[in-house]
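Numbers restart at 1 for each chain; the letters A, B, ... are given by sequence-line order, proteins then strands.
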Number of protein chains: 2
Amino acid sequence: MKLSFTEENYLKTIFHLNHSPDENVSTNAISEVLNTKAASVTDMLKKLSDKKLVNYEKYQGVTLTKDGEKQAITVIRKHRLWEVFLVEKLNFKWDEVHEIAEELEHICSEKLINRLDEFLEFPKKDPHGDPIPDKNGVLKSQELLPVSKLKVGDKGIISGVREHSVEFLKYLEKTGLILGECLSITEIITFDSSVMVRVKNHQQMISREVAKNLLIAL
Amino acid sequence: MKLSFTEENYLKTIFHLNHSPDENVSTNAISEVLNTKAASVTDMLKKLSDKKLVNYEKYQGVTLTKDGEKQAITVIRKHRLWEVFLVEKLNFKWDEVHEIAEELEHICSEKLINRLDEFLEFPKKDPHGDPIPDKNGVLKSQELLPVSKLKVGDKGIISGVREHSVEFLKYLEKTGLILGECLSITEIITFDSSVMVRVKNHQQMISREVAKNLLIAL
DNA sequence: TAAAAAATTTAGATTAATCTAAATACAGCT
DNA sequence: AGCTGTATTTAGATTAATCTAAATTTTTTA
Ligand SMILES: [Mn+2]
Ligand SMILES: [Mn+2]
Ligand SMILES: [Mn+2]
Ligand SMILES: [Mn+2]
């Protein structure tokens, strides 16, 4: 059962929006991510439900079925492997790859993606620190905390981002807040919740907004 | 002006079908290659004509405009570069890559394709011996002759194929008729126009059908 | 050169994915 | 329990790409 480009995007979106296991994903949330209207989402949810890819009940939102989740994870695996390829092999910057991967993630061949995985030597993380599902769809995510949840004196490795916009990624790169660097909290300004951090022996201030979107492994 | 997947396939097909410069490509020829009905082709030709990508007059077939040709060549460049990538980097066989490249050729980013070209060290030919257009759209094709046009005693390098089916490519590989090998004609059987050839000091018989589709550089 | 055959176009439908506007259901609060 | 605003669904249209069947044009052939 081959899915359309659009169906794959819906499944991926539902997967990403399904934060807690007991809460369903709402029609509006999906429409916002995909830049469509809620009415269009309803139509598609019915279609995905007919195909047994989502559990859908009118007015109650959706969750993915086992099958739907498997499809979503495959798309995510492809997306992240292609991002690694673009950065590692074609020298793209980490802020340039997402858009291209949005297209590449829909290329079908399973053999292609497994060969690519091998060629890249089975990377565990994509350029943004996100984990790459293995060929069996197993995705192991590490527990990460945003800088905004840390206390003065806490220290850890910059390991991920919560926001993938080009602007944010460029900002991080410019200011040396790069994946793998060790970061410690030296001061928290109560007035605006901005945070003074130390990275590579250099002190710098980051806003609350940035602190919320920068993830640390303790 | 971004083209759809479908529009790109039409342009590519018209390019491939446009053998002599004074003859137009027919509606039926296009429909056959694309596995659609002639009526659908007519619709699309009108649309491409409105976009100034083809020169179309009712009942007279089409040719590509300069702009249309440029787009077609870009798609062909992408197709062939991806085929090289699949064979050289991911260890695919030459009969496995065409189908995947049919999908990859529609990925947009110009930067991606130029980086890929660089990564592959600017290959001049794809795995089937077809020339790869450079980034300016310049395509230089070598003069090749099918084995069926050669005479006894003629000798040359196997340099291309006229037929890209999986069956034909697998057959050539199995029988050692591989790109780059030197081939000479030792006998032509007049009865059925089959040809006895010598490759790597080994004699073998090939049918007229094969001889017509195997291309040699003298 | 006129009929017959082949190629091509038109007319009218269909399917997937989308939209707007209107109707309906739910959730939170008095 | 009833009101009210938000979320969601339904109804009806639109667009791109396709189809079938019928009409028209071009080409071939006798
Ligand atoms: Mn991404
Ligand atoms: Mn990523
Ligand atoms: Mn090919
Ligand atoms: Mn090829």
Selection from [options] that lies nearest to any side-chain heavy atom of [X]:
X: A/Met44; options: D/dT20, C/dT18, C/dC26; value: C/dT18
X: A/Lys46; options: D/dT10, C/dC26, D/dA21; value: D/dT10
X: B/Thr27; options: D/dA21, D/dT8, C/dT8; value: C/dT8

Whole-Å distance separating the [atom1] atom of [X] from the [atom2] atom of [N]:
X: A/Asn28; N: D/dT9; atom1: CG; atom2: P; answer: 9 Å
X: B/Asn24; N: D/dT26; atom1: CG; atom2: P; answer: 14 Å
X: A/Asp43; N: D/dT10; atom1: CG; atom2: P; answer: 9 Å
X: A/Phe5; N: D/dA16; atom1: CZ; atom2: C1'; answer: 15 Å
X: A/Glu8; N: C/dA16; atom1: CD; atom2: P; answer: 17 Å
X: B/Tyr56; N: C/dT8; atom1: OH; atom2: C1'; answer: 7 Å
X: B/Glu57; N: D/dT26; atom1: CD; atom2: P; answer: 11 Å
X: A/Leu45; N: D/dT9; atom1: CG; atom2: C1'; answer: 11 Å

Salt bridge (charged side-chain N to carboxylate O under 4.0 Å, His left out) with A/Glu105: of A/Lys12, A/Lys78, A/Arg77, only one passes, and it is A/Lys12
When you measure from the side chain of A/Arg80 to the backbone of A/Ile132, do you find a donor-acceptor pair of N or O atoms at a distance under 3.5 Å? no
With no hydrogens and no angle check, is any side-chain donor or acceptor of B/Asn24 less than 3.5 Å from a backbone partner on B/Gln60? yes
Nearest-nucleotide check on DNA chain C, B/Gly61 vs A/Tyr59; residue mapping nearer the 5' end is B/Gly61
Between B/Tyr10 and B/Phe5, does the ring pair (Phe, Tyr, Trp, His ring centres under 6.0 Å) criterion hold? Intermediate values first, please. CA-CA 9 Å; B/Tyr10 272 88; B/Phe5 185 101; over 10 Å; no
Taking any heavy-atom pair under 4.0 Å as a contact, classify A/Thr42: base, sugar-phosphate, or nothing. base
Look at all strands and tell whether B/Ser40 reaches a base, only sugar-phosphate, or nothing, counting heavy atoms closer than 4.0 Å. base
Any side-chain heavy-atom pair of A/Lys37 and A/Ser31 under 4.5 Å: no
Looking only at side-chain N and O atoms, does B/Lys37 come under 4.0 Å of OP1 or OP2 in D/dT20? yes
Does a side-chain N or O of A/Lys58 approach OP1 or OP2 of C/dC26 to a distance below 4.0 Å, or not? no
